[in-house]
Amino acid sequence: MSRPPYDHKAIEEKWRDFWRERGFFKAKIHDARKKFYYLNMFPYPSGKLHAGHGRNYILGDAIVRFLLMRGWNVLNPMGWDAFGLPAENAAIEQGVHPRDWTWRNIREFKRQFRAWGVEYDWDREIATCEPDYYKWTQWIFLKLYEKGLAYRAKGKVNWCPHCEVVLANEQVIGGRCWRCNSLVEKRELEQWYFRITAYAERLLRDLEKLDWPEHVKKMQENWIGRSEGAEILFPTEKGPEIKVFTTRPDTLWGATFLVLAPEHPLVPQLTAPERAEEVKAYCAAAERMTEVERTSTEKEKTGVFLGTYGVNPATGERIPIWIADYVLMGYGTGAVMGVPAHDERDFQFALKYGLPVIPVIAHPSQEFRAVVPAQSFHSSLEPALKELEVYVDEKDGALLIAGAAQNISQVLSLLQKHLVPSGWAFVIGRGWHVVFPDEVINIGSIAEERRALAKLQSVAPKFKDKRTVAEIFWDEPHLRAFLFHAEYEEMINSGPLSGTPGTEAVKRTVEWLAEKGLGKGTVTYKLRDWLISRQRYWGAPIPMIHCPKCGIVPVPEKDLPVLLPEVNRIGKLGLADIPEFIPTQCPRCGGSARRDTDTMDTFVDSSWYFLRFVSPKDTERPFDPELVNKWLPVDLYVGGVEHAILHLLYARFITKFLHDLGLLSFDEPFKKLFTQGMVTYPAYWCPTHHWIPPKEVQPGNRCPKCGSELVVSVVAMSKSKKNVVSPDELIEEYGADTERLYTLFMGPPEKEIEWSEEGVRGCWRFLNRFWNMALDIIDRAGQIREDPDPQSFRSEDRAIWAKLHATIKKVTAEFEGRLALNTAIAAIMEFTNDLSAYLEAPKADPKLLRRALRDLILLLSPFTPFICEELWQRLGEGKSVLETPWPEYDPRALEEAEVEIPVQINGKVRLRLRLARTKAADPKVLEELVLSDPEVQKRLEGKKIERVIAVPEKLVSIVAR
RNA sequence: GCGAAGGUGGCGGAACAGGCAGACGCGCUGGCCUUAGGAGCCAGUGCCGAUGAGGCGUGCGGGUUCGAGUCCCGCCCUUCGCACCA
């Protein structure tokens, strides 16, 4: 039967306000039985929503509708991350107030949510830019300050020249601003910080208990970047001690130089007067460089000698002090010991600047290498070597030798014996040796290294310009691969600790250091404190006062909120541009003082918003402690991966802090996290006209304005690249149900995926087929009120009944498990196809038809609520689908009467047999039935059955020769 | 370089516990209906093979197994994250 396409507009308009009016999405907040806190990351209200945003909200809405039907008391709120730069920039450019701009966007977002059928508990709506919210953001600041976790400090900060604002480390992605992608510069400024590093260990450790995607946890782990090692004190000849951090204290005896970061405070003091100019120039150059330039791995290492010396506390040897920009002031102590034999960077640095290399960890290879230069040896050497089990190669008269490490001592004495008086040889095994006819020098200290070098230079003038033994070795390709390694192995050349095995080396060295008072074991983190000052207007003012007499004084709690001043025009400097905001009275001495003119990073606003939703209107406190501890942590938090570090780390930190204050009983805010993937779409770039909307692209990928060929890239939908698909247009043409269905059907929700117009049409066609089939069933069986009787089923009835229950099982499992709703929808489509075919059969059981349709509508309703609500009504069901319990599957129904058993012969499926399930369930019976089948027998003719594997209800595999 | 995920038809993707590879959808082919089709309906659609029988097929090479997309070993490639972190 064919009907016209269903009227999505009329249907969707009819139901659009229904759920809200009936209050289905309002949480029963004082009844926390069977509670479920579902939360979507709240959006920054900029402009309009596009189809890509739908991924987050539609997924959430489907989950919440499912939960409601499952009988959960769901808290499903929505709010606005409403402070931020775009509003302020728009305000500066267009002369509107950022609040007006923001609220205009919020209205637009709400209109679009309604159009999608995406519902929330709107009574709990919050906006971070409203004083009743940011009052509590300021309150949290004061609490942090009280506990010494908010502090003001001067230092090098990240500065985005485009946004004209400082950035936290987390907001610099690959050296660029997270928002505008500009290269970030360094500036010396005094700013406010939150001491997130005090929580580094807990933030790391507690990741373990979170049900989050592994890769997100890994990203946080890397960001926190814990490393265990030791701090070691190096005395200097000038006086002050240099404290270095190293993860490899076991390599201490190999430290042949010290390197400080150019910004290190001791640099001026440790610089020799005659080198001051060069040092100053180097520091200035390092300061000018961007983070990216400076930390590029490709860049050759550079540095400058300070002209003074320190002392290696283990060996007592004098070692030069350098500065180099590969050492970062912000990590560890800003100073490192250079161990060129066992650190790749130090090795490069030492080779470049002629610093000695001393191996102090045995080489992990079981091999040694040796080089004997031409004219250095008697002809008797070769036959002598042949007797040992070593490989000897001759090249330009020189001998290149390789062999097993245990033969080293024999080789050393052999070489020594067969060298000519002015000859020499190099041997690298566990350590390094230079062989002369009268002695073997072990390169085990700087002194020995110097001696070996001097001796080599005296016998071979060509070494006159060489600065180190390592440099000479490096010129021998045969030795190169053995000069540097970073493995944990037995310590050598390390005085009292020589011979310590690799597995204990670090531990024993740390103990030794502590004993001698030279250092101690420590833990260092990559995580830095969170810089939260922003030189802007549109944010929560930092509630601090600068008094000339009392210094920095917090605004008393009773004076909160510190309101943003109402102004008509906003300047580039934010609050600092508003003279009337600044003067105030010191709360301590009553004298005249100045307000802090910075506002807080918007990530502070969003680091606690999930707590506010339980009591959004509370004027006495940030949240109701009783309710918050009943409803939180959030049971399921859904948002984009782009916040894997930023927001999610900050929110965890603030939660832990509030927990420590005794305000929260939990210390992790989000129990389960699901990150949905981005939606991509082709973006077209014209060199002259920039981004061209896909709809305007001319045939052959031509620019509509100039006809030149466009560059296509498939990237995440974004307004700036003009490659967004508008939900308004989709809803107009196909309806919100179609958009919702396609959004969830296009692929697994955690994966990035390309939007496809054809895919949308496919979903639209499906909904039409579903609609028509439903009307047919309603025509035929709409009046029936009884359930079908499985006892009376024929085999076709039984098959459709089983399929119905299998579908219920599948859809339920996806909602409750991995959320691969694309496969749930596929199952629903499959069942719809089967039911449609069944409907054609003249003997279709009307009771079964009606029951199947009823359950099908319920199953589909979280995805396409409008059409389902309409059909539910037409089916004559009284209540809303949302008030109806989710269908349960009956395990008995899944047991079909017959199963198909594939039969494998020698590993290949040769035929399939339909057998009664009861018979196929018994392996013995199954085997007999299959073997006695005529077709099987025919195929086995002339063969000997060697083995039969019968898997009950699954398959039979026969091995025959 | 390090870490993680992943490579399956023309395309998006299924196969969640080693048991029928390619579900579902798109696209394509043929047919029906139609004045018309970018509508609807029916049939087909991994590749080779004339239809069959059969053979080959989940990045490549090996292995375990009656049986491998799935497990093991060795490569190649892609994407994402981190990247001089001492």
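Note that these values count all heavy atoms, side chains included, but never hydrogens, waters or copies made by symmetry. Proteins get letters first, then strands, A, B, ... in listed order; numbering begins at 1 in each. Please read these numbers as outputs of a predicted model, since none were measured by experiment.
Counting only N and O atoms by type, the side chains of A/S718 and A/Y681 include no donor and acceptor under 3.5 Å apart.
The side chain of A/R761 contributes no N or O atom lying less than 4.0 Å from OP1 or OP2 of B/G40. Applying the 4.0 Å criterion to OP1 and OP2 of B/C66, one finds that A/N906 has every side-chain N and O outside that range. Within the structure, a side-chain polar atom (N or O) of A/S227 is placed less than 4.0 Å from OP1 or OP2 of B/A86. Side-chain nitrogen and oxygen atoms of A/R528 include none within less than 4.0 Å of the OP1 or OP2 phosphate oxygen of B/C85. Between A/N833 and B/A23 there is no side-chain N or O to OP1 or OP2 distance below 4.0 Å. For A/K751 and B/G13, the shortest distance from a side-chain N or O to OP1 or OP2 is below 4.0 Å. One finds no side-chain N or O of A/R345 lying less than 4.0 angstrom from the OP1 or OP2 phosphate oxygen of B/A83. For the pair A/R818 and B/C16, the criterion of a side-chain N or O lying under 4.0 Å from OP1 or OP2 is not met. Phosphate proximity of B/G67 to A/R910: absent, as no side-chain N or O sits under 4.0 Å from OP1 or OP2.
For A/F863, the ring-ring contact (aromatic ring centres under 6.0 Å, His included) partners are A/F815, not counting sequence neighbours. Every residue two or more places apart in sequence or in another chain that forms a ring-ring contact (aromatic ring centres under 6.0 Å, His included) with A/W253 is listed here: A/W512. Taking A/E830 as the reference, A/K803 meet the salt bridge (Lys or Arg N to Asp or Glu O under 4.0 Å) condition, with sequence neighbours excluded. Listed by chain and residue number, nothing satisfies the salt bridge (Lys or Arg N to Asp or Glu O under 4.0 Å) test with A/K954 (two or more places apart in sequence, or in another chain).
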*asked:* Under the criterion ring-ring contact (aromatic ring centres under 6.0 Å, His included), I'd like the reasoning laid out for A/Y742 against A/W755: C-alpha separation, chi angles, the key distance, then a yes or no.
replied: CA-CA 9 Å; A/Y742 175 64; A/W755 185 268; 4.9 Å; yes
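With hydrogens and angles ignored, a donor-acceptor pair closer than 3.5 Å exists between the side chain of A/K301 and the base of B/C84.
Per the geometry, CG belonging to A/N768 stands 13 Å off C1' belonging to B/C41, to the nearest Å. Per the geometry, OH belonging to A/Y742 stands 11 Å off P belonging to B/G12, to the nearest Å. Distance A/Y525 OH to B/A86 P: 13 Å, rounded to the nearest Å. We find that CZ of A/R765 is positioned 10 Å from C1' of B/G40, with the value rounded to whole Å. Rounded to whole Å, the distance from CD1 on A/I949 to P on B/A68 is 12 Å. When the C1' atom of B/G13 is taken as reference, atom CD of A/E754 falls 14 Å away, rounded to whole Å. Going from atom CG of A/L821 over to atom P of B/A14 covers 12 Å, rounded to whole Å. Between A/R176 atom CZ and B/C82 atom C1' there is a gap of 17 Å when expressed in whole angstrom units.
Under a 4.0 Å N-O distance rule, the pair A/E214/A/K217 qualifies as a salt bridge. Under a 4.0 Å N-O distance rule, the pair A/R226/A/E221 does not qualify as a salt bridge. Between A/R248 and A/D250, at least one side-chain nitrogen of the basic residue sits less than 4.0 Å from a carboxylate oxygen of the acidic one, meeting the salt-bridge criterion. A/E733 has no carboxylate O lying under 4.0 Å from a charged side-chain N of A/K9, or vice versa, which leaves the two without a salt bridge.
Remark: the separation of the P atoms in B/A36 and B/G27 is 22 Å, to the nearest Å. Nucleotides B/A43 and B/G7 place their P atoms 33 Å apart, quoted to the nearest Å. Spacing between B/A4 and B/A83 at atom C1', rounded to whole Å, works out to 14 Å. Comparing the same atom, P, in B/G6 and in B/C72 gives a spacing of 13 Å after rounding to whole Å. Nucleotides B/C47 and B/G57, compared at atom C1', are 7 Å apart to the nearest Å. Here the separation of B/A14 from B/C84, taken at their C1' atoms, is 45 Å to the nearest Å. When the C1' atom is used for both B/C56 and B/A21, the distance is 14 Å, rounded to whole Å. Here the separation of B/G37 from B/G52, taken at their C1' atoms, is 38 Å to the nearest Å.
Regarding the sugar-base torsion, B/G25 falls in the anti class, its angle being beyond 90° of 0.
Ranking B/C84, B/C82, B/C66 by closeness to the A/K526 side chain, first place goes to B/C82. Between B/A14, B/A83, B/A86, one nucleotide has an atom nearer to the side chain of A/V336 than all others, and that is B/A86. For A/F745, counting side-chain heavy atoms from C-beta on, the closest listed nucleotide (B/C24, B/A86, B/C84) is B/C24. In the set B/A86, B/C24, B/G13, B/A86 carries the atom at the smallest distance from any side-chain atom of A/T247. The side chain of A/E830 lies closest to B/C24, out of B/G3, B/C24, B/A14. Checked against B/C85, B/A4, B/A14, the side chain of A/L328 finds its nearest nucleotide in B/C85.
No contact: A/G747 has no heavy atom under 4.0 Å from any strand. Among the atoms of the strands shown, none is found under 4.0 Å from any heavy atom of A/E642. The residue A/V959 sits close only to the backbone: its heavy atoms come under 4.0 Å of sugar-phosphate atoms, none of a base. Residue contacts shown for A/R226 are absent, as no nucleic acid heavy atom lies under 4.0 Å away. Residue A/K217 is classed as having no contact, given no heavy-atom separation below 4.0 Å to the nucleic acid. Among the heavy atoms of the strands lying under 4.0 Å from A/Q904 is at least one base atom, whether or not backbone atoms are also near.
The residue among A/K954 and A/T333 whose nearest nucleotide of RNA chain B lies closer to the 5′ end is A/K954. Comparing A/S756 and A/I753 by the nucleotide of RNA chain B whose heavy atom lies nearest to each, the residue mapping closer to the 5' end is A/I753.
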Could you pull out all donor-acceptor pairs under 3.5 Å where a side-chain atom in residues 335-342 of chain A meets a protein atom, sequence neighbours excluded?
unit_1 : atom_1 : unit_2 : atom_2 : d
A/H342 : ND1    : A/H485 : O      : 3.0
A/H342 : NE2    : A/V360 : N      : 3.0
A/H342 : NE2    : A/I361 : N      : 3.1

*asked:* Can you give me the dot-bracket string for RNA chain B, 5' to 3', counting Watson-Crick and G-U wobble pairs with both distances under 3.5 Å, using [ ] for crossing pairs and | for partners on another strand?
replied: (((((((..(((......[....)))((((((.......))))))(((.....)))..(((((..]....))))))))))))....
